[in-house]
Structure formats: C-alpha cells, structure tokens
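Structure, as structure tokens:
It should be emphasised that the depicted structure is a prediction, and the values quoted were computed from it without experimental measurement.
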Amino acid sequence: MMELMKMLQGIKYCLSEHPTILNFRWSTTQSWGSTWSFLFTVIPAYIAAAVTLHLLLTLFRRCRPVPLGPIPAAHSLLMALISAVIFVGMLLSSAAEIRDTRWLWRRTKTTPFQWLLCFPLGTRPSGRVFFWSYVFYLSRFLHLFRTFFTILRRRRLTSFHLLNQSFLIFMSFLWLEFSQSFQVLAILSTSLLYSVIYGYRFWVGVGMRGACFPLVANCQVALLGCNLACHVGVLLLQVFKGGCNGIGAWLFNSVLNAAILLLFMRFYVETHMKNSNVVVVQVEEETSSSHWGSGFEPKNVVKQN
C-alpha cells in the first residue's frame with residue numbers, strides 16, 4: 001500500500017507540481033508555435049501537403065491502398081496514451097489550482113464550477129492549466145497524420161476534413177493567446193474522448209473485433225451535447241457575473257463550433273438515421289475529434305436488404 005501511495009504521489013508531482021509546469025508561461029520567446037506567423041504558415045502548409053498527396057495518387061491512378069503496416073495502429077496507441085496523460089494532468093492541475101486559489105474566490109463568491117467555465121477577467125496564460133492547454137495544442141499537430149493515413153489508404157479527401165482540422169488548431173491557439181474561458185472543461189472532455197476513440201482504433205488496428213455500432217459517432221454526439229450545455233453556462237456567467245476572460249475569442253470559437261456542429265449533425269443524420277433499410281456490417285470512423293466536431297471520413301460497408 002505504501003508503494004502505491006508513493007507512486008501516486010510521484011504521478012501527482014510530475015503532472016501538476018513539477019517546476020516546469022508551475023513556471024510555464026505562454027509567450028513568443030518561451031513557447032514553440034506561439035506566434036501568429038507560425039500559425040498562418042503551418043496551416044496552409046498542411047492543406048497544401050494533403051492536397052498535393054491526393055492529387056499525386058490520383059494522377060498516377062493508384063487504386064490500391066498504400067500498405068502502411070502497423071503505423072496507423074502505433075499512431076492510435078500513441079495518441080490514446082497522450083490523450084490520457086493530458087486528461088489526468090489537466091484534472092490534477094485544475095484540482096491544485098482550485099485548492100490554491102479558493103481563498104481568493106470568497107471575495108467574489110465564485111465556485112469551482114464557475115471558475116471552470118469562466119476565468120476571471122485579467123487571467124494570464126501561465127501556470128498549471130495553461131501548460132496542459134499548451135500540450136493539448138501541440139497534440140493537435142499529431143492528429144494531422146490521420147489525414148495522410150486516410151489519403152494513402154483510401155484516396156479520400158474532403159474540404160470539410162481539411163478545414164475542420166485547421167479550425168481546431170486555430171481554436172486551440174486562441175485558447176492560449178487570449179486565456180479563453182471554458183478551455184479547462186473542453187480539454188478534459190475532449191482528451192477523455194480521444195483516449196477512448198484512439199484506444200478503440202488501436203484495438204481494431206491490431207485485428208481485434210470492432211463494435212457493432214458506430215462507437216466514434218455516438219461518443220461525439222455525447223461530447224457535443226455536453227459542450228453545448230457548457231457554452232450556455234459561459235454565456236450566462238458572462239451576462240450575470242460581470243464578464244469572463246477571453247470572451248471575444250470564445251465568441252469567435254462559438255461561431256466556428258456552430259458551423260462544425262451543423263455539418264456534423266447533417267452527416268450523422270444522413271448516415272445513421274435516414275436509411276432504415278441499410279444494415280451496417282462494419283463501421284470504422286476516420287475522425288480527429290475536437291472539442292466540438294470532427295472530420296468524419298466513414299468507411300461503412302453496407303448491405304441492402
């Protein structure tokens with residue numbers, strides 16, 4: 001028992017009390033990828049690379065999938081582990097922040113849940129939770145490899161997928177740049193979803209039997225409902241509690257999220273609700289899930305009744 005307690009204390013220290021985490025500060029001099037020029041360079045480069053690869057495969061008329069071996073499964077395992085670490089790290093860091101600043105909230109009658117939804121005005125992007133927000137931002141670039149896996153294996157590329165991935169990187173950047181409210185709950189819910197989705201992809205990728213229902217799509221719908229309720233909470237706190245930090249960035253993100261939500265729900269209804277006479281034999285969702293939506297690239301093998 002003592003060994004277990006020591007191990008748990010070591011994990012807690014590494015994920016929430018380490019000096020690197022405590023002293024983190026989002027700045028153009030200390031954080032890689034923290035400049036607007038970097039953002040507006042890497043996103044067009046990603047889109048150009050994906051489109052070029054798709055055009056090359058089309059030009060050479062390669063119909064067969066490019067064999068990738070265990071690479072996609074290894075990528076899924078890596079992303080599942082990274083997402084789990086982000087979730088635990090953000091959870092422990094949020095608990096530590098609440099513990100350390102609770103005395104200050106008594107003056108404004110702020111509850112921990114209100115803080116999770118609405119950062120006080122003047123919040124700076126430094127400390128524990130912003131360290132894990134930065135790690136989450138960096139992990140978005142690893143998600144981009146799924147795009148190239150999809151192109152190589154299926155020669156499929158949609159503008160929605162490219163724009164969605166680009167929007168998600170952009171939104172993660174805004175969270176840090178403007179100390180945007182609501183990001184703690186968004187990262188917790190999204191990283192938890194990622195660990196489930198990529199764990200499932202790894203499970204299927206190594207040859208195990210997949211679920212008999214659209215697991216990824218159902219998880220995404222649950223996340224959308226949770227995030228919608230939280231966005232309403234942020235709006236109410238903004239109106240009745242004197243304002244939330246980074247509300248301008250939150251409004252911009254909300255517009256992007258609404259567009260992604262509408263496109264996703266349209267896909268979900270058309271794919272899973274419209275045709276009642278379609279029997280789904282195999283479902284494998286190609287998605288990079290986000291705090292709102294994802295670029296769904298379904299590979300559904302169907303059989304008409």
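Put simply, Val255 and Phe252 are part of two different groups of oily side chains (I, L, V, M, F, W, Y) that touch within less than 4.5 Å, one to the next. Under the 4.5 Å side-chain heavy-atom criterion for Ile, Leu, Val, Met, Phe, Trp and Tyr, Met90 and Leu8 are members of the same hydrophobic cluster. Under the 4.5 Å side-chain heavy-atom criterion for Ile, Leu, Val, Met, Phe, Trp and Tyr, Ile11 and Ile82 are members of the same hydrophobic cluster. In this structure, Ile98 is not a member of the same hydrophobic cluster as Leu22, with clusters built from ILVMFWY side-chain heavy atoms closer than 4.5 Å. With hydrophobic clusters built from ILVMFWY side chains whose heavy atoms lie under 4.5 angstrom apart, Trp32 shares a cluster with Ile169.
Arg146 and Gln165 are not linked by any side-chain donor-acceptor pair at a separation below 3.5 angstrom, with hydrogens and angles left out of the test. No side-chain donor from either of Trp175 and Ser133 sits under 3.5 Å from a side-chain acceptor of the other.
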Please step through ring pair (Phe, Tyr, Trp, His ring centres under 6.0 Å) for the pair Phe131 and His18, ending with a clear verdict.
CA-CA 11 Å; Phe131 171 84; His18 194 276; 8.8 Å; no
Would you sort out whether Arg124 and Glu177 count as a salt bridge (Lys or Arg N to Asp or Glu O under 4.0 Å), showing the intermediate values?
CA-CA 9 Å; Arg124 295 289 181 263; Glu177 185 69 14; over 6 Å; no
Give the C-alpha distance, both sets of side-chain angles, the deciding distance and a yes or no for ring pair (Phe, Tyr, Trp, His ring centres under 6.0 Å) between Phe173 and Trp36.
CA-CA 9 Å; Phe173 180 88; Trp36 288 95; 4.8 Å; yes
What verdict does the side chain to side chain contact (heavy atoms under 4.5 Å, CB included) test give for Phe148 and Arg153, after you've listed the backbone C-alpha separation in whole Å, the side-chain angles of each residue and the deciding distance to 0.1 Å?
CA-CA 8 Å; Phe148 300 100; Arg153 291 194 297 184; over 6 Å; no
Passes side chain to side chain contact (heavy atoms under 4.5 Å, CB included), Leu57 versus Leu152? Steps please.
CA-CA 8 Å; Leu57 293 177; Leu152 291 172; 4.1 Å; yes
Side chain to side chain donor-acceptor pair (under 3.5 Å) between Tyr46 and Thr147: does it pass, once the steps are laid out?
CA-CA 10 Å; Tyr46 155 70; Thr147 302; 2.7 Å; yes
Apply side chain to side chain donor-acceptor pair (under 3.5 Å) to the pair Trp132 and Ser93, showing each step before the final yes or no.
CA-CA 8 Å; Trp132 290 108; Ser93 296; 3.1 Å; yes
Can you check side chain to side chain contact (heavy atoms under 4.5 Å, CB included) on Phe136 and Thr190, steps first, answer last?
CA-CA 10 Å; Phe136 182 85; Thr190 306; 3.9 Å; yes
Check the pair Phe130 / Phe24 against ring pair (Phe, Tyr, Trp, His ring centres under 6.0 Å), numbers first and verdict last.
CA-CA 8 Å; Phe130 288 100; Phe24 171 79; 7.9 Å; no
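Here His54 contributes atom NE2 and Leu59 contributes atom CG; the two are 11.5 Å apart, rounded to the nearest 0.5 Å. Rounding to the nearest 0.5 Å places CD of Gln9 at 9.5 Å from CD of Glu17. Atoms CD1 and SG, from Ile21 and Cys14 in turn, are 8.0 Å apart once rounded to the nearest 0.5 Å. Note that CD1 of Ile47 and OG of Ser166 are 3.5 Å apart. Values are rounded to the nearest 0.5 Å. Going from atom CG of Leu144 over to atom CD1 of Ile43 covers 9.0 Å, rounded to the nearest 0.5 Å. In this structure, CD1 in Ile151 is found 5.0 Å from CG in Leu53, a value given to the nearest 0.5 Å.
Applying the disulfide (SG to SG under 2.5 Å) definition to pairs two or more places apart or across chains, those involving residues 116-152 are Cys118-Cys244.
The side-chain heavy atoms of Tyr198 and Ser76, taken from C-beta on, include a pair separated by under 4.5 Å. Two residues are said to be in side-chain contact when any heavy atoms from C-beta on lie closer than 4.5 Å; Leu185 and Phe113 meet this criterion. Counting heavy atoms from C-beta outward, Leu176 and Tyr134 have side chains that approach closer than 4.5 Å.
Under the 3.5 Å distance criterion, the side-chain polar atoms of Thr123 are matched with a main-chain donor or acceptor of Pro120. A side-chain donor-acceptor contact under 3.5 Å links Ser191 to the backbone of Leu188. Between the side chain of Gln183 and the backbone N or O of Gln180 there is at least one donor-acceptor pair closer than 3.5 Å. Remark: the backbone N or O of Ser16 is paired with a side-chain donor or acceptor of Arg128 at under 3.5 angstrom. Using modelled atom types, one side-chain atom of Ser34 and one backbone atom of Ser31 make a donor-acceptor pair closer than 3.5 Å.
Exactly one residue among Asn253, Val234, Ile247 makes a side chain to side chain contact (heavy atoms under 4.5 Å, CB included) with Phe182. That residue is Val234.
The shortest non-hydrogen separation linking Gly122 to Asn245 is N-OD1, 2.9 Å. Shortest non-hydrogen contact noted between Ala84 and Ser195 is N-CB, 4.1 Å. Across all non-hydrogen atoms, the minimal contact from Ser172 to Arg140 is OG-CG, 3.6 Å.
Aromatic ring centroids of Phe141 and Tyr137 lie under 6.0 Å apart. Note: Phe119 and Trp115 meet the aromatic proximity criterion, with ring centroids under 6.0 Å apart.
The aromatic rings of Phe170 and Phe40 sit tilted, their planes meeting at an angle between 30° and 60°.
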